[in-house]
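Accompanying notes for the structure given below.
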Amino acid sequence: IDVIEDEDSFLIVMDYIEGISLKKQLEEYGAQPQQDVIKWAKQLCEVFAYLHSRTPPIIYRDMKPGNIMLKPNGDVVLIDFGTAREFKESSVDDTKCLGTIGYAAPEQFGGMGQTDGRTDIYCLGTTMYHLVTGHNPSAPPYEILPIRQINEALSGGLEQIILKCTQQNPDNRYQSAAELMYALENFQTFDGAEKRKQKRRLGTFLACAGMSLVCLGAAIGFGTQATSKATDSYENVLFEAESAIEDSQRIEKYLECIDIPQMAGRKEAYMGLFETYKRDMVFTREELETAVNVVSDPEHSQALLANPETYGEICFELGKLYWYYYDDADQTNRAKSAMPWFEKAIKNSSEQASFIGTARAYASIGHFYTSIASSINEASDQGMYKELFHSISQIVDSIANDAAEPDIVRLEIFEMSRNMLEQYATRLKRDGISSAEAMGLFEKIRDRLPSVPAETDKCRVLKDATLSRLEKTKETVSLAYGT
């Protein structure tokens, strides 16, 4: 970001990357899910494609889990370019032999030519190996085994990709980051060949099992086979959705998952669809119609209602999506429109559901904004402001200080809280909210708001607007309570 130099010191100002290293992730949780490793590898391919396309190319040379940061949103960032070098076409060897044993390619240790882009391919291969197996290649015996010797449930396609990345001879590896990216995007092609072999072996075995058993189990077998086929199809398409780079591809695959017979009652695809809609911070009318249609479709809803807790959780997440992301600048309109989904979540969930209390608070706030205008006209609004205050306070306490919540969610609830205090200060006092309670909520907003990151234009505008109104809000509350 900056360099500050004077006679006595030399300071380098660097980006702060929020998150933890993949090394720490491995230490805490062990081998990582295959779909996550492939997603991260594709993101790192994009980094290498950029570095290797510079003039002259930049060779990173020290890819390993400790140099990869995992951000809260699930994306990765490459750090620590201390061993990077420029590729010099005229050089025979590198000036220095640098890298981490186990992860580094053979050519990094001298006498085998100059490192180039294929060196980074090797290092990424060893890193994928460590992440997906939990076996550290920098610990004895310093070897890369076929990953399915360690975990037979892993993909044969991914196994072949890692083995090709880590060939001793650079000519036998993928020759570019783009070539590796293509392989990662189509890894299931390799799986297909392996599965066909397995099916042939299975067919031979079944042929020898005897026709009497086949006939006896035909009815059960067909049902089991259909369920198994649907499950396999669901898992494959779900993985394709989670691995897709473009949001449009993700959405298409998640919707395909939901439409697979016998799988409409599983929640993963619905949750993935909602998370994809959040990525650009705007939940459009078209996206809303799609989301509502897939949840409300008779076949889907019937399957979901077979497990009411699952249906309740999906309704809760759809309500939050509507509340915080719908393309309507009026926060109260969004709250009113989201209310029915929170009510469905409450109706279909047990008291043990982790979200039930928060769902009630959201529904209460939505009910307030739906009925407050008519209640004021009828002079029947007394007591409503106290309930609103406690509902908003509950949400503030549950999510506003939770770094796992998206920035926009925390910023929106802070603004709703601030606006309530400024707009209804005198009515809050009338309904029995004490000065200490009102100022306590204000102080939470004031103290927590500055620490919320605002990395997008939408978040920055919202955060700045709330910050600019804090002093006015404090004055209003102080005036209402005579403090």
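Not measured: the values here are computed from a predicted model.
A salt bridge links Arg360 to Glu351: one of the charged nitrogens lies within less than 4.0 Å of a carboxylate oxygen. Between Lys24 and Glu28, at least one side-chain nitrogen of the basic residue sits less than 4.0 Å from a carboxylate oxygen of the acidic one, meeting the salt-bridge criterion. Looking at Lys463 and Asp407, no side-chain N of the basic residue comes within less than 4.0 Å of a carboxylate O on the acidic one, giving no salt bridge. One finds no salt bridge joining Glu242 and Arg250 here, because no Lys/Arg side-chain nitrogen approaches an Asp/Glu carboxylate oxygen to under 4.0 Å. Looking at Lys267 and Glu309, no side-chain N of the basic residue comes within less than 4.0 Å of a carboxylate O on the acidic one, giving no salt bridge. Electrostatic pairing of Glu159 and Arg148 counts as a salt bridge here, judged by a charged N lying under 4.0 Å from a carboxylate O.
A donor-acceptor pair under 3.5 Å links the side-chain atoms of Asp431 to the main chain of Lys386, judged by distance alone. Without hydrogens or angle criteria, Glu287 side chain to Thr284 main chain gives a donor-acceptor distance under 3.5 Å. A distance-only check finds no donor-acceptor pair linking the side chain of Gln394 to the backbone of Ala361 [under 3.5 Å]. Judged by distance alone, with hydrogens and angles left aside, the side-chain atoms of Ser53 form a donor-acceptor pair with the main-chain N or O of Tyr50 at under 3.5 Å. No side-chain donor-acceptor contact under 3.5 Å links Ser337 to the backbone of Arg334.
The distance from atom CD1 of Ile161 to atom CD1 of Ile38, rounded to the nearest 0.5 Å, is 6.5 Å. If you take OH on Tyr174 and SG on Cys45, they are separated by 10.0 Å, rounding to the nearest 0.5 Å. The line from CD1 of Ile413 to CZ of Arg448 is 12.0 Å long, rounded to the nearest 0.5 Å.
Put simply, the side chain of Arg469 reaches to within 4.5 Å of the side chain of Lys472, judged on heavy atoms. Two residues are said to be in side-chain contact when any heavy atoms from C-beta on lie closer than 4.5 Å; Phe316 and Trp341 fail this criterion. Asp120 places a side-chain heavy atom less than 4.5 Å from the side chain of His52. Residues Glu246 and Ser248 have side chains in contact (heavy-atom distance under 4.5 Å, counting atoms from C-beta outward). Looking only at side-chain heavy atoms (C-beta outward), Val132 and Met128 stay at 4.5 Å or farther from each other. Side-chain contact between Thr476 and Thr426: absent, with no pair of heavy atoms (C-beta onward) separated by less than 4.5 Å. Side chains of Glu18 and Pro72 form a contact here, defined as non-hydrogen atoms less than 4.5 Å apart. Looking only at side-chain heavy atoms (C-beta outward), Ser176 and Leu180 stay at 4.5 Å or farther from each other.
Both tests do not hold together for Arg418 against Phe414: distance to the six-membered ring centre under 6.0 Å, angle to the ring axis within 45°.
With 3.5 Å as the limit, one finds no donor-acceptor pair spanning the side chains of Tyr270 and Glu317. Asn67 and Tyr103 share no donor-acceptor pair across their side chains, judged by distance under 3.5 Å alone. Residues Asp259 and His300 bring a donor and an acceptor atom of their side chains to less than 3.5 Å of each other. In this model, a donor atom of one side chain and an acceptor atom of the other lie less than 3.5 Å apart for Asp75 and Gln43. Residues Gln423 and Asn419 bring a donor and an acceptor atom of their side chains to less than 3.5 Å of each other.
The six-membered or imidazole ring of Phe283 lies away from that of Tyr325, with a centre-to-centre distance of 6.0 Å or more. A distance below 6.0 Å separates the ring centres of Phe368 and Tyr385. The distance between the ring centers of Phe187 and Phe239 falls below 6.0 angstrom.
The side-chain contact (heavy atoms from CB on, under 4.5 Å) test with Lys474 is passed by exactly one of Met439, Glu422, Glu443: Met439.
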